[in-house]
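This report refers to the structure that appears directly beneath it.
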Amino acid sequence: MAAERGVAADRPAREAAVVEPADESQPLLSEREAKQRRAFYARLFRKFVLLTLLCALTPLMGVGGIFYLKYYDFALAKMTTAFRQQVENHQKIITLFLQERQARLRLAADTHDLAELAQPGNLRHLLKVLNQEGHAFADLGVVDDLGRHVAYVGPYDLLDKNYAATFWFREVMAQGIYISDMFLGFRKEPHFIMAVARREGERKWILRATMDTEVFRSLVENVYIGATGEVYLLNQEGQFQTSPRSGGRIMGPAPLKVPPPFEGIRVETRREAEGDQAIVGLTWLKEPRWLLVVRQSHAEAFRDAGETLFASLVFLALCALAITLATLLLTTHMVRHIRRRDAESDHLNAQLLQTGKLAAIGELSAGVAHEINNPLGIILTERQIILDLLDSRPLADQELEAQLLDSLLQIDIQVHRCKRITKNLLRFARRTQPMIEEIKLEQLLGELVELMEREAKSSGIKFVVDFARDLPPIKTDPSQLQQVFLNLINNSIDAHEGLPGGSITLATRFHPERGGVEVKVADTGCGIAPEHLARIFDPFFTTKPVGKGTGLGLSICFSIIKRLGGEVDVQSKPGKGTTFTLFFPCHPPADLLELSPTTGSV
Amino acid sequence: MKNSKLLLVDDEEVFSSNMAKLLTSRGYRVATASGGEAALRQLIAAEFDVVVLDLKMPGMDGLATLREIKKRGLDTEILILTGHGEVDSALEATRLGAYDYLTKPCEVEELVAKIEGAWRKRNGARRDELLGRGEAAGPAPA
């Protein structure tokens with residue numbers, strides 16, 4: 001069997017593989033097709049990633065958004081309730097404080113008459129008694145119905161003052177009770193007074209006390225709600241009645257717009273000057289008409305809720321990130337898988353095409369061979385007739401007879417040459433019927449190596465065998481298998497032409513999962529140019545000089561392997577060598593067994 | 001065996017007449033037929049020791065002719081001589097009862113050798129028959 005594999009050592013070195021056609025577009029796909037394929041996979045990747053992300057992230061974002069809004073509402077409601085509670089508590093405390101002071105003062109006024117208090121010492125005694133349980137009043141004065149200061153005890157010299165013209169005097173004379181806003185008064189210091197009027201016969205007199213500002217202010221100002229929370233009081237004009245911690249002078253104007261009096265408690269979020277938000281609770285005291293303000297920075301009030309929300313958002317973001325990563329990974333994997341599948345199916349299609357080509361050529365060959373064999377038969381009978389004639393009637397001219405015999409010999413030689421060609425063609429078309437036997441592959445290969453070693457030795461080629469020990473016997477046609485391996489080995493030897501030496505490796509491996517045996521025939525020869533690689537199994541494809549190769553060897557191998565239910569792959573690197581990987585099942589396909597005849601081969 | 005009576009069936013008349021000439025000069029009595037029907041007519045008309053049958057013929061082909069011969073119980077040995085293309089058919093023919101097959105082109109001496117074999121088989125069987133030995137009685141003398 002002639003070797004067909006054509007080779008050219010000066011081809012540019014290039015990775016070529018029939019096995020992975022997707023990576024090397026050349027053997028199976030054109031440049032344009034490969035480009036389209038790549039674009040297709042890129043599109044597939046994008047589509048899948050977008051769709052998956054849309055499907056996965058939309059519900060996540062939806063749940064996240066709903067949670068965010070609901071939780072915010074919930075936190076706000078909770079905060080508002082808590083604030084309302086704070087405002088209510090403080091309102092109670094302040095109101096109680098003032099009511100208690102007012103009650104003490106009223107009691108003092110009701111239990112003493114004017115004359116009694118006008119006497120020196122009595123008022124001092126009364127102030128002492130009033131301040132016995134908690135320091136409440138800074139000074140105490142008695143004012144008659146003309147506004148004159150009848151008696152006074154306290155740190156200032158106010159005895160000769162006349163209050164008839166003052167606002168509070170008129171108020172207390174009219175209402176019977178009065179609590180002032182903070183004012184400077186004669187003493188030039190912010191304070192507020194509480195005054196009660198008592199009717200004694202025809203006359204009215206007033207017991208007036210200056211509240212101990214420090215005690216009252218500490219009661220309001222020393223409230224701590226978080227770091228920014230504060231409580232302060234405003235009068236109806238919007239002046240601070242206590243100094244807020246966040247800054248602001250007592251009696252100074254407050255930045256807060258004072259709403260008209262209302263019942264109950266309001267809690268609202270206000271935007272402040274610096275752009276910060278504050279949560280503010282408001283309520284009006286009844287007496288005096290002061291606005292109680294409880295204020296805390298929005299950021300602080302919502303810190304816990306904010307932290308929870310922030311943690312949720314971080315968690316959501318991490319989830320989204322994880323989903324995105326998983327999607328990318330999965331899609332990459334999936335697209336790679338599809339790509340591999342496509343490559344495999346391309347490969348399979350190529351093989352099918354190859355098989356189809358072989359079948360067509362085979363059919364043609366059978367017809368041609370038959371048509372040629374008939375005339376060849378006639379030529380042989382004609383020759384025999386001439387021989388018979390010469391035999392029965394020898395020619396007188398010996399030289400002529402010798403020449404004729406020579407010609408007849410040549411006819412015989414050429415007819416037999418034709419016969420060999422048609423035989424090869426027919427073997428290709430439909431090889432001699434397979435004879436299925438159970439054989440040991442290593443034995444068959446061993447014999448072949450022994451046979452070929454002698455031929456290879458002169459070219460400096462060594463054989464390396466690497467047979468698996470667990471190789472089971474396989475059912476196949478040994479003579480056809482022999483033909484395949486002989487062909488491959490012959491090609492390998494030819495591939496070393498012009499090289500100082502090299503090696504041919506035969507390796508076997510058992511694949512239990514595939515139910516068969518793999519055989520690798522690897523050489524260190526000149527390799528196959530990539531542009532030829534896809535065509536080496538084509539019938540009549542050869543790169544050898546005319547007359548040296550028929551181009552049938554490898555295509556015969558291919559169809560034998562296919563018929564025996566096997567597979568073949570080739571990898572080659574120009575200048576490095578070629579590896580054929582063959583696979584044979586332990587049991588041949590059923591149709592082969594059916595075909596197996598009882599008679600010998602032709 | 002010289003003097004055996006042969007029938008060459010081939011649509012290639014040049015081939016059959018050439019072969020007839022060669023076989024006649026080797027001492028056989030040879031008739032030719034150019035197709036299956038003609039061959040059957042001759043076989044019915046006279047007894048032949050060996051029929052050399054081509055497979056691929058127009059009209060009734062070799063296999064059909066073979067089946068017909070067997071069906072009619074015509075007493076003759078059949079040797080298939082055919083182009084290489086019909087090896088499968090040739091194998092089928094041997095299964096149907098043909099003695100053996102040869103592929104064209106072939107040397108006349110090869111054909112002669114096969115004819116001799118066929119003749120011996122036929123005559124061996126006949127002798128067994130004459131001697132009253134059954135098929136199962138033992139190996140036929142070669």
Side-chain angles (χ1 to χ4, degrees), chain A residues 361-393 408-409 411-435 563 594-602, chain B residues 6 8-28 30 32 34 52-58 61-62 79-114:
Chain A
I361 298 274
E363 219 162 287
L364 184 71
S365 307
V368 169
H370 181 79
E371 290 314 314
I372 288 174
N373 278 344
N374 268 327
L376 286 178
I378 295 169
I379 292 170
L380 270 194
T381 55
E382 295 289 359
R383 171 185 169 273
Q384 194 59 51
I385 287 168
I386 299 171
L387 274 177
D388 283 5
L389 284 173
L390 285 175
D391 207 30
S392 56
R393 276 170 279 175
L408 289 170
L409 183 66
I411 288 173
D412 193 45
I413 290 167
Q414 296 310 321
V415 165
H416 278 96
R417 188 173 154 195
C418 287
K419 189 176 172 175
R420 258 203 318 281
I421 293 171
T422 56
K423 196 170 165 183
N424 265 339
L425 272 177
L426 281 161
R427 184 181 294 162
F428 169 72
R430 183 97 197 237
R431 253 141 309 286
T432 53
Q433 288 292 317
M435 290 285 291
R563 269 200 335 130
E594 279 166 24
L595 267 173
S596 188
T598 48
T599 328
S601 59
V602 180
Chain B
L6 310 178
L8 297 182
V9 190
D10 202 313
D11 59 321
E12 286 273 357
E13 278 171 33
V14 184
F15 179 79
S16 48
S17 72
N18 275 356
M19 202 45 101
K21 209 181 281 175
L22 289 168
L23 289 171
T24 308
S25 73
R26 276 159 183 74
Y28 295 99
V30 186
T32 61
S34 62
V52 180
L53 188 61
D54 188 14
L55 284 179
K56 200 175 165 191
M57 289 183 295
D61 72 4
L79 189 59
I80 305 293
L81 176 59
T82 186
H84 229 303
E86 296 93 26
V87 172
D88 292 347
S89 311
L91 286 168
E92 172 74 20
T94 56
R95 234 169 278 156
L96 285 173
Y99 167 69
D100 202 351
Y101 68 87
L102 262 177
T103 54
K104 285 192 214 170
C106 71
E107 300 289 343
V108 69
E109 304 310 335
E110 286 177 72
L111 183 60
V112 166
K114 294 274 184 192

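As a basis for the values below, the full set of heavy atoms in this structure was taken, side chains included, without hydrogen atoms, waters or symmetry mates. In this text, all values refer to a predicted model and were calculated from it rather than measured experimentally. The chains referred to below are lettered A, B, ... by the order of the sequence lines, with proteins before strands, and numbering in each begins at 1.
Qualifying side chain to side chain contact (heavy atoms under 4.5 Å, CB included) partners for S34(B), counting only residues two or more places apart in sequence or in other chains: E13(B).
Of all non-hydrogen atoms in R26(B) and D388(A), the two that sit nearest each other are NH1-OD2, 2.6 Å.
The stretch residues 375-385 of chain A places L376(A), G377(A), I378(A), L380(A), T381(A), E382(A), R383(A), Q384(A), I385(A) near chain B, each with some heavy atom under 4.5 Å from a heavy atom of that chain.
Between chain B and the options I372(A), V368(A), N374(A), the largest number of non-hydrogen pairs under 4.5 Å is found for N374(A).
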